[in-house]
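Each remark here refers to the structure printed beneath this line.
Chain identifiers are assigned alphabetically (A, B, ...) following the order of the sequence lines, protein sequences preceding nucleic acid strands; residue numbering begins at 1 within each chain.
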Number of protein chains: 2
Amino acid sequence: MNPLSPNSSDAAGTDASPSFRPLYQQIKALITQSLQSGEWKPGEMMPSEVELAGRFKVSQGTVRKAIDELAAENLVVRRQGKGTFVATHAEERAHFRFLRLMPDEGVPHHPDNRFIAVLRIRATAEVARLLELKSGDAVVYIKRVQSFDGVPTILEELWLPGQLFKGLTAERLVEYRGPMYGLFESEFGTRMIRATEKIRAVAADPVAAEHLKVAEGTPLLCADRVSFSYGDKPVELRRGIYSTARHHYQNELS
Amino acid sequence: MNPLSPNSSDAAGTDASPSFRPLYQQIKALITQSLQSGEWKPGEMMPSEVELAGRFKVSQGTVRKAIDELAAENLVVRRQGKGTFVATHAEERAHFRFLRLMPDEGVPHHPDNRFIAVLRIRATAEVARLLELKSGDAVVYIKRVQSFDGVPTILEELWLPGQLFKGLTAERLVEYRGPMYGLFESEFGTRMIRATEKIRAVAADPVAAEHLKVAEGTPLLCADRVSFSYGDKPVELRRGIYSTARHHYQNELS
DNA sequence: AAGTGGTCTAGACCACTTT
DNA sequence: AAGTGGTCTAGACCACTTC
């Protein structure tokens with residue numbers, strides 16, 4: 001008998017298996033808990049499959065199936081011969097997982113950041129609703145422009161729960177190299193694992209026109225993103241205004 | 001010894017396993033071939049796992065792993081207790097796999113179609129390049145408007161290889177109920193399995209403005225899609241012009 | 001009862017990386 | 001040589017559907 005909640009043939013009682021839950025999914029949940037609690041930090045190696053199998057008193061195959069799903073969800077990364085590692089945003093290849101704006105020609109490269117505002121404000125009703133806060137709760141507001149080859153291309157606004165990002169200042173943002181999600185994960189213990197985006201076409205308002213150096217009324221992409229951490233907890237709101245003169249939003253349908 | 005190409009310890013020769021290919025991937029390739037050749041038609045049930053295991057002289061677990069990947073790629077659908085079925089576009093739930101335009105409020109429902117043009121023309125250099133044809137090859141050109149609740153929302157142009165869609169006429173398109181991909185698959189034996197989209201913001205030109213009943217210059221989404229069939233063969237070009245007044249392009253980042 | 005996919009095990013062995 | 005993930009097997013049993 002394994003130590004986890006049995007699915008049938010239990011001690012007694014008419015177990016008509018009202019809610020069957022495979023062992024490997026229970027293992028997966030336990031591993032996810034350890035990831036969330038920070039038992040293994042981003043970038044670190046996790047215990048080997050045989051070690052986890054021993055800890056949970058299940059076969060290696062069952063642990064494998066659990067980790068397979070975690071790898072499919074990009075929570076962990078497997079490297080043959082080396083081990084299984086906690087996924088991290090502080091990596092070159094992770095940068096373009098959430099940045100879907102690609103140059104029409106040439107290879108993608110990293111944008112230059114210019115921060116316009118880093119403020120602590122109070123959540124509007126709309127922001128509070130999407131971040132699952134209360135109206136008036138503290139939020140960090142960030143506004144920045146990203147340029148490729150000196151051409152301003154992205155005007156971005158972010159709203160973050162103030163509670164989670166207490167020490168976040170303009171200085172920290174400016175001095176940090178790499179994607180913001182890397183900073184969030186390493187400095188504030190908040191890891192983005194999933195996001196949804198709603199995309200619309202909008203006309204450049206005076207502010208956007210100024211920052212992106214385009215004429216007022218120019219058609220621009222507007223991407224409203226909600227990012228989630230473990231347990232589908234919303235931890236970021238982001239509105240990106242993209243100039244698609246020399247770039248496009250790339251998507252794979254499958 | 002299994003009958004498929006051995007990976008090592010072969011009859012003779014210094015096999016330093018220069019190109020290792022797992023058994024289950026070879027099985028997967030064989031099953032894909034059968035799917036492509038039409039041995040089992042879309043919507044039909046395929047042979048059971050044990051039967052396939054017998055046919056290929058491998059264990060059921062190996063067949064399972066092959067089918068697992070095919071299911072992940074949406075080429076087949078597993079139904080516990082029933083069997084494994086060839087995926088088909090002629091299903092309610094499949095409709096919204098490629099249609100990412102969602103209403104800002106309310107539940108998504110099917111659009112009304114109005115066909116503006118169904119022509120056989122010659123491929124321009126650009127169309128030929130993307131469809132991997134030669135300039136001047138025959139292509140089917142389709143132009144249509146899709147409306148939700150009577151509101152014209154999508155202006156779409158399609159280019160299809162003439163060779164693959166010989167009997168395609170306006171009548172066939174009009175009388176067919178359901179998504180176009182269903183027609184392509186059932187009547188022309190061409191099944192879309194994957195697509196890429198590049199999205200930009202554009203200003204409504206006179207033609208788009210007229211069809212979508214918006215003012216000239218209105219910002220609209222422009223989605224350029226290339227669809228692929230088995231073997232990454234391009235089989236459709238589609239340019240969609242979306243009005244995002246009451247809809248948005250929905251995307252999941254993970 | 002029979003057939004299907006789904007889970008779980010124990011063990012063997014392979015490929016890859018590091019020591 | 002030792003440790004890691006990756007493959008493959010054979011068999012038992014479970015959950016679900018159909019007959």
Wobble G-U and Watson-Crick pairs count when both distances are under 3.5 Å; given that, what is the 5' to 3' dot-bracket string of DNA chain C, with | for pairing to other strands?
||||||||||||||||||.
Asn74(B) side chain to Ser254(A) main-chain N or O, any donor-acceptor pair under 3.5 Å?
yes
Donor-acceptor pair, side chain of Glu49(A) and main chain of Val63(A), under 3.5 angstrom:
no
Please work out whether the ring planes of His247(B) and Phe148(B) are parallel, tilted or perpendicular, with thresholds of 30° and 60°.
tilted
Between His89(A) and Phe98(A), what is the ring plane arrangement, given parallel below 30°, perpendicular above 60°, and tilted in between?
tilted
Which residues in residues 36-55 of chain A have a heavy atom closer than 4.0 Å to any atom of DNA chain C?
none
Mind listing the residues from residues 65-83 of chain B sitting with a heavy atom below 4.0 Å of DNA chain C? Number order is fine.
Arg78(B), Arg79(B), Gln80(B), Gly81(B), Lys82(B), Gly83(B)
By salt bridge (charged side-chain N to carboxylate O under 4.0 Å, His left out), Arg194(B) pairs with (sequence neighbours left out) Glu252(A), Asp232(B)
Pairs in or reaching into residues 29-38 of chain B: which pass side-chain hydrogen bond (donor to acceptor under 3.5 Å, both in side chains), with residues at least two apart or in two chains?
Ser34(B)-Glu39(B)
With Phe165(A), which residues qualify under ring-ring contact (aromatic ring centres under 6.0 Å, His included), at least two apart?
Phe184(A), Phe188(A)
Contact under 4.0 Å: Arg64(B) side-chain N or O vs dG5(C) OP1/OP2:
no
Nearest-neighbour nucleotide for the Tyr24(B) side chain, dT9(D), dT9(C), dT7(D) considered
dT7(D)
